[in-house]
Amino acid sequence: MLASVRSLRRLSSSSSPSLSPASLRRLLLHHRPPPPSLPTRSPLPPFRTLARGLLPLLAARPGPRRFSTATCSSTLFRVGECGAPGATAIPEAERGEEEGEGEGEREDGGEADAAAARHDTDAYAAVELALDSVVKVFTVSSSPNYFLPWQNKAQRESMGSGFVIPGRRIVTNAHVVADHTFVLVRKHGSPTKYKAEVQAVGHECDLALLKVDSEEFWDGMNSLELGDIPFLQEAVAVVGYPQGGDNISVTKGVVSRVEPTQYAHGATQLMAIQIDAAINPGNSGGPAIMGDKVAGVAFQNLSGAENIGYIIPVPVIKRFISGVEESGKYSGFCTLGISCQATENIQLRECFGMKPDLTGVLVSRINPLSDAHRVLKKDDILLEFDGVPIANDGTVPFRNRERITFDHLVSMKKPGETAVLKVLRDGKEHELNVTVRPLQPLVPVHQFDKLPSYYIFAGFVFIPLTQPYLHEFGEDWYNNSPRRLCERALRELPKKAGEQLVILSQVLMDDINVGYERLAELQVKKVNGVEVENLKHLCSLVEGCTEENLRFDLDDERVIVLKYQNAKLATSRILKRHRIPSAISADLVDEQATDGEEATNGEIEASCTS
């Protein structure tokens, strides 16, 4: 059924009110024969005539578009060969008009030929440029099992692309090397694979930097320069190693759209460029070349659609690289920490005292951990960001008659920088200074390249709530995961730094916990009457219990009560039965050891002072 639907969508998307290329060929083949006075076999018309006739029709077709002169000429020659002897490819009347055109028309045709030639020359130049710059990336990775957080899933192998930039570094996608255990790279024309190290990873922007220590690898390699954001309808060539073969591949397309887009890997909203070139698995991390510079990095496509791919634009790439160069590690992308509502309704604007010449958005929620929480208030109207007016729909001007959401201006600022906000509050305008920085959500969106935290006591497995945990419920996790946990993960904001939602993920059965097995997938609110701040806090409350009974208060007013000493003894036998190496994750052990060292050092200093 799904395949039928997709077929129908393909058929409907290829229909057009204008002539299709197939219809055009039928017209050409069945056209009236030339007048008897003319030679039986007339020469083929100039290529520019056919190109001008066919290109608009091919451009209107929503399928893959290829405008190289080689493709057009070969298609046209097949048309001539398939026709009846002596049949011409265009009507004689048109050919006569073409031959009778003035010098001005010939000059126009020559310009069209020159433009087409330049287009192909750019494509060929892009290929030559990429041969010594684009590499194939081989990754072995192993992802954590969030249902069984003490073990990993089976390792898997994947492939992607990357390209060399100045400084002997390789740019690729973060999802190409996510949860990696081993990375190799291979340059074009070489059978040798070289070991690579991941220098930095930015999962929000889906970018990563690799370095290769082998001097042999860098012999003959050239670096690519970063360019600018291409304009609409500018041609780009995507170079990489997609599935379907082992050699380098080049696909051409044009820029269709430039706007903030949801990044599938990091689940963040950053600027992206939509192109109509095919981007398939394996293309990820490869450059999109315009002229002799990089216009972006291929990273995702739109499932269920044909020839809709996305590349990461140069401003995002430069912001990622500069952050790594300045701090030695990925620093993240900034946010204001506010949620806004459009003010497109005139009654809403009048209610908040907006004059006809004022535009802006309504502040509806503010993250308590953001600096905006210090200066902004709910129901403020945000009029300008750094002097740039914000429209009633939340957009700001961008280039020539384009608009993007003002979030892009925020994301391009460096952590710790100050932004100037103009707001309307109680009918008066105010200018406020806000420090922008990356903010972590209450429930982490991703947990790549790290093991999940867990704590096991008496067979109860406690973990912090994360979206990767919810993703374990399947592709349709939003509907299949526990509804209450899902809503909290997507909507709740942290009240203080370091806060986590700790949940009881499952119960490993034993005599000590019989009757409590149905209390899994509930949030832990309190331990012995003390509110739980995070998993580390819960662990310390349990381990430091001095009472006979240990009580857990959960969601829905559910309660777990255990005899503390009996539960402590049961924990070791449960771990042995389930072959679990440790009751506590390595990160919590390290934190406890660090805290212990700090406490010991503090005691030593105090004794020395006394």
Side-chain angles (χ1 to χ4, degrees), residues 59 62 64-65 67 119 122-123 126 163 165 171 173-175 202 204-207 224-240 251-280 283-303 305-322 333-335 340 342 361 385-386 388-413:
R65 290 179 279 178
F67 298 121
H119 184 80
D122 290 344
F163 63 95
I165 62 172
V171 174
N173 282 142
H175 72 260
E204 286 83 6
C205 59
D206 201 358
L207 289 170
L224 293 177
E225 297 291 336
L226 299 179
D228 297 316
I229 301 176
F231 287 91
L232 301 182
Q233 288 301 303
E234 281 198 282
V236 295
V238 178
V239 186
T251 55
K252 293 193 295 181
V254 297
V255 175
S256 309
R257 184 181 294 152
V258 180
E259 65 180 3
T261 303
Q262 185 84 359
Y263 281 38
H265 178 68
T268 49
Q269 194 90 359
L270 293 173
M271 178 182 282
I273 300 173
Q274 179 184 319
I275 61 175
D276 67 353
I279 295 180
N280 297 307
N283 265 128
S284 293
I289 299 177
M290 182 180 66
D292 60 349
K293 294 186 177 181
V294 174
V297 178
F299 76 114
Q300 67 186 29
N301 59 20
L302 185 62
S303 60
E306 293 185 2
N307 293 332
I308 295 183
Y310 295 91
I311 61 175
I312 303 171
V314 170
V316 177
I317 303 171
K318 287 183 176 179
R319 173 67 190 81
F320 165 71
I321 294 175
S322 65
F333 283 76
C334 294
T335 176
C340 297
V361 290
F385 180 88
D386 275 347
V388 181
I390 301 174
N392 293 328
D393 61 353
T395 62
V396 293
F398 175 67
R399 299 195 308 189
N400 182 26
R401 299 175 62 188
E402 296 177 67
R403 301 192 68 85
I404 56 174
T405 58
F406 81 96
D407 293 334
H408 171 66
L409 302 180
V410 183
S411 64
M412 288 298 101
K413 297 188 78 69

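Just so we're clear, the structure is a prediction, and the values are computed from it rather than from any experiment.
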query: Are the side chain of Asn301 and the backbone N or O of Asn280 linked by a donor-acceptor pair below 3.5 Å?
result: no
statement: Applying side-chain contact (heavy atoms from CB on, under 4.5 Å) to Val396 and not counting sequence neighbours gives Val388, Ile390, Ile404, Phe406, Leu409
field: Closest approach of Val361 to Ala342 (non-hydrogen atoms, all atoms of both residues)
entry: CG1-CA, 4.5 Å
query: Atom NE2 of His265 and atom CG of Asn173: how far apart are they, to the nearest 0.5 Å?
result: 8.5 Å
field: Atom of Pro230, atom of Met290 and distance for their closest heavy-atom approach
entry: CB-SD, 3.5 Å
- request: Write down the atom of Phe163, the atom of Gly285, and the distance for their closest heavy-atom approach.
  value: CD2-O, 3.6 Å
message: Apply side-chain contact (heavy atoms from CB on, under 4.5 Å) to residues Val316 and Val297 and explain how you reach the verdict.
response: CA-CA 10 Å; Val316 177; Val297 178; over 6 Å; no
- request: Could I get the full list of side-chain contact (heavy atoms from CB on, under 4.5 Å) partners for Thr261, not counting sequence neighbours?
  value: Glu259, Ala272, Gln300, Tyr310
task: Please report the C-alpha distance between Ile165 and Ile317 in whole Å, then the side-chain angles of each, then the deciding distance to 0.1 Å, and finally whether the side-chain contact (heavy atoms from CB on, under 4.5 Å) criterion is met.
output: CA-CA 11 Å; Ile165 62 172; Ile317 303 171; over 6 Å; no
- request: Among residues two or more places apart or on two chains, list those pairs meeting side-chain hydrogen bond (donor to acceptor under 3.5 Å, both in side chains) that have a residue in residues 389-398.
  value: Thr343-Asn392, Asp393-Thr395, Thr395-Arg403
- prompt: To the nearest 0.5 Å, how far apart are CG in Asp206 and CG in Leu270?
  reply: 10.0 Å
message: With rounding to the nearest 0.5 angstrom, report the CD1 to CD1 distance, Ile311 to Ile275.
response: 5.0 Å
field: Working for side-chain contact (heavy atoms from CB on, under 4.5 Å), residues Arg399 and Ile229
entry: CA-CA 10 Å; Arg399 299 195 308 189; Ile229 301 176; 3.2 Å; yes
- request: Hey, could you give me the CD/CD1 distance between Gln274 and Ile308, rounded to the nearest 0.5 Å?
  value: 5.0 Å
- line: Rounding to 0.5 Å, atoms CG (Asn307) and OG (Ser256) come to a distance of 9.5 Å
field: Atom of Phe320, atom of Gly202 and distance for their closest heavy-atom approach
entry: CE1-N, 3.6 Å
query: Between Met271 and Val258, is any pair of side-chain heavy atoms under 4.5 Å apart?
result: yes
message: Angle between ring planes, Phe398 versus His408, binned at 30° and 60°: parallel, tilted or perpendicular?
response: perpendicular
field: Thr251 versus Ala277, closest heavy-atom pair with distance
entry: OG1-CB, 4.0 Å
message: Could you check whether any side-chain heavy atom of Leu207 comes within less than 4.5 Å of a side-chain heavy atom of Val171, counting everything from C-beta outward?
response: yes
- prompt: What is the minimum heavy-atom distance between Val239 and Asn283, and which atoms define it?
  reply: C-ND2, 4.3 Å
- prompt: Distance from Ile273 atom CD1 to Leu232 atom CG, nearest 0.5 Å?
  reply: 10.0 Å
Check: Phe333 main-chain N/O paired with Ser411 side-chain donor or acceptor under 3.5 Å: no
